[in-house]
Amino acid sequence: MPETGRFRAGSGAGRWGTSLRLVMLHAVITLLAIGIAFSLPVAAQYILYQWWPIVASDASLLLASEISLAAALVLLFNFWRAALENRDKRRVADTAALVYARHRGSWLTRLRERSLIRKLPAARDAYILTLTGHDTFADEASLLRVPLQSAYEIRVMLLDPAARAAERRVRSLPAAITQESYVEEVNTSIAYLTMLRTLGKKVTLKFYDDEPFWKVVVLGDHLWVQYCHSGFEVKDEPEYVFALNGDHPRLGLFVPFYMYFLEQWSNSRHPRYDFDTGELVYSDECGRELRRRRFAPDREPVPALLQARPGRESGHATRELETNS
């Protein structure tokens, strides 16, 4: 799990700022209530002895006053109903630990998301499960590009361009997206991660070969989620941001999606990319290296199965790597 203790300590100043704002708000409301209370006698005298006699003697002015009062009551009751609905929605959002959501991308939603990211404390760890990584962190216009540079440990999982799942997904997307453009985006992401390694970051990249259900980005105690719908680009899908509930970690959807990433990451089927040699490293469940192959995103790899076979050398069992056609 992310280091929630550090974020609690770091967010102490934020909680003090929130408490101070609440105190100031209560003070302003108290002063406003006192001012209204002292002005009520003057207002009552004006209404009873000056305003009402004029209205009572003028039918048009009386009708306008009645219409204005009715409109004010309608607005008041609508605001009251909206406040009740928003309270119920807020309660549901708190239960799900949902702090932000967007349906369609626009300059306003991008502005709100940038504001959210700026308010986040610096994350030590960043975990990303996506398709090519281009729109997530490699593109210069990406919202997560800068926060990723402040993280120390970065774990990234991308869809192998040579896998059948990548080919099927490219075929389901608009004609402007080709296998060549997909490979180019993956290479751009690898180049950016390589640059982060030169800055002293601990970067680990793995590739998976099945179509994902979710795109997951974890920055500290905040998590971004988008559904990877076949036939649609992920950047056009609705986006949800969940926050870890420090007091009740089991409350909300942060932990389930975080565990989804960890399950994918710990799967020994997914090879690790060696930045120094440009090879994919296959390991067993204990982390022991089994074999390597050159990372060739323009061709389809041969799936490998690991089976244990009894060996006669030194009386120990040896492992043989068999391939299925």
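Just so you know, residue 1 is the first one in the sequence shown, and it goes up from there. Predicted model only: the values in this text are computed from it and were never measured. Worth knowing before you read on, the calculation uses all heavy atoms, side chains too, and leaves out hydrogens, waters and symmetry mates.
Counting all heavy atoms, side chain and backbone alike, Ile117 lies closest to Pro147 at CG2-CG, 3.4 Å. The nearest pair of heavy atoms linking Lys215 to Cys228 is N-SG, 3.6 Å. Smallest separation of non-hydrogen atoms from Leu148 and Ala126: CD1-CB, 3.5 Å. Across Phe254 and Val218, no two heavy atoms sit closer than the pair CZ-CG1, 4.2 Å. The nearest pair of heavy atoms linking Gly133 to Ser189 is C-OG, 3.2 Å. Taking all atoms of both residues into account, the shortest heavy-atom contact from Ser283 to Glu289 is OG-CA, 4.0 Å.
Side chain of Gln226 to backbone of Glu237: a donor-acceptor contact under 3.5 angstrom is found. In this structure, Asn267 contributes its side chain and His270 its backbone to no donor-acceptor pair below 3.5 Å. Proximity of a side-chain donor or acceptor of Ser142 to a complementary backbone N or O of Ala138 within less than 3.5 Å is not detected. For the pair Ser39 (side chain) and Gly35 (backbone), a donor-acceptor distance under 3.5 Å is present. Judged by distance alone, the side chain of Asn86 and the main-chain N or O of Ala82 form a donor-acceptor pair under 3.5 Å.
Rounded to the nearest 0.5 angstrom, His229 NE2 and Asp236 CG are separated by 12.5 Å. For the atom pair Leu159 CG and Tyr208 OH, the distance stands at 5.0 Å (nearest 0.5 Å). Taking CG from Asn245 and NE2 from His248, the interatomic distance works out to 6.0 Å, rounded to the nearest 0.5 Å. Leu158 CG to His134 NE2: the interatomic distance, rounded to the nearest 0.5 Å, is 12.5 Å. One distance of note links CG of Leu253 with CG of Leu244; it measures 12.0 Å at 0.5 Å rounding. Rounding to the nearest 0.5 Å gives a distance of 10.0 Å between CZ of Arg118 and CG of Leu116.
For Arg292, the CZ atom sits in a packed shell: over 12 heavy atoms of surrounding residues, nucleotides or ligands are nearer than 6.0 Å. Within 6.0 Å of the CZ atom in Arg145, the count of heavy atoms belonging to other residues, nucleotides or ligands exceeds 12. Within 6.0 Å of OH on Tyr152 lie no more than 12 heavy atoms contributed by other residues, nucleotides or ligands. By the 6.0 Å contact criterion, CD on Glu211 is enclosed, its count of non-hydrogen atoms from other residues, nucleotides or ligands being greater than 12. Around atom CD of Glu285, no more than 12 heavy atoms belonging to other residues, nucleotides or ligands sit under 6.0 Å away.
A single hydrophobic cluster is seen to contain both Leu199 and Val203, as judged by linkage of ILVMFWY side chains at heavy-atom distances under 4.5 Å, directly or through other members. By the criterion of side-chain heavy atoms lying less than 4.5 angstrom apart, applied directly or through intervening Ile, Leu, Val, Met, Phe, Trp or Tyr residues, Val74 is not grouped with Leu63; the two fall into different hydrophobic clusters. Put simply, Met259 and Val225 are part of the same group of oily side chains (I, L, V, M, F, W, Y) that touch within less than 4.5 Å, one to the next. No single ILVMFWY cluster, assembled from side-chain heavy atoms under 4.5 Å apart, contains both Val281 and Val186. Note on Met195: it clusters hydrophobically with Leu205, by side-chain heavy-atom contacts below 4.5 Å among ILVMFWY residues.
In this structure the side chain of Arg169 never reaches within 4.5 angstrom of the side chain of Tyr182, judged on heavy atoms. With contacts defined as side-chain heavy-atom distances shorter than 4.5 Å, the pair Val183/Gln179 qualifies. Residues Leu131 and Glu233 are not in side-chain contact: their nearest non-hydrogen atoms beyond the backbone lie 4.5 Å or more apart. Residues Asp88 and Glu85 are not in side-chain contact: their nearest non-hydrogen atoms beyond the backbone lie 4.5 Å or more apart. Considering only heavy atoms from C-beta on, Ile154 stays 4.5 Å or farther from Phe137 through its side chain.
For the side chain to side chain contact (heavy atoms under 4.5 Å, CB included) test, no residue two or more places apart in sequence or in another chain qualifies with Ser57. Looking at residues two or more places apart in sequence or on another chain, you find no salt bridge (charged side-chain N to carboxylate O under 4.0 Å, His left out) involving Glu180.
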- Are Phe261 and Arg155 close enough, and set up right, to give a side-chain contact (heavy atoms from CB on, under 4.5 Å), and what steps lead you there? CA-CA 10 Å; Phe261 172 85; Arg155 300 180 184 181; 4.1 Å; yes
key: Residue pair Glu239, Glu113: steps toward the side-chain contact (heavy atoms from CB on, under 4.5 Å) verdict   = CA-CA 10 Å; Glu239 184 180 52; Glu113 193 166 5; 2.7 Å; yes
task = Show your working on side-chain contact (heavy atoms from CB on, under 4.5 Å) between Gln264 and Val216 and close with a plain yes or no.
result = CA-CA 11 Å; Gln264 298 297 319; Val216 179; over 6 Å; no
Between Trp214 and Phe257, does a ring pair (Phe, Tyr, Trp, His ring centres under 6.0 Å) hold up when you go through it step by step? CA-CA 9 Å; Trp214 305 103; Phe257 283 113; 5.2 Å; yes
Item to complete: Go through the steps for Tyr273 and Leu280 under the test side-chain contact (heavy atoms from CB on, under 4.5 Å), then give the verdict.
Response: CA-CA 5 Å; Tyr273 180 79; Leu280 294 181; 3.9 Å; yes
As a quick check of understanding, evaluate ring pair (Phe, Tyr, Trp, His ring centres under 6.0 Å) for Phe213 and Tyr260, giving each step before the final call. CA-CA 10 Å; Phe213 289 104; Tyr260 170 78; 7.7 Å; no
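Using the six-membered ring where Trp is involved, Tyr127 and Tyr258 have ring planes that are tilted, between 30° and 60° apart. The aromatic rings of Trp80 and Phe77 lie perpendicular to each other, with more than 60° between the two planes, well past the 30° mark.
Geometrically, Arg291 engages Tyr282 in a cation-pi contact, judged by NZ or CZ lying under 6.0 Å from the ring centre and within 45° of the ring axis.
Ion pairing of Arg171 with Glu167 is present here, as a side-chain N (NZ or NE/NH1/NH2) and a carboxylate O approach within less than 4.0 Å.
Between Thr136 and the options Leu143, Val234, Leu144, a side chain to side chain contact (heavy atoms under 4.5 Å, CB included) holds for only Leu144.
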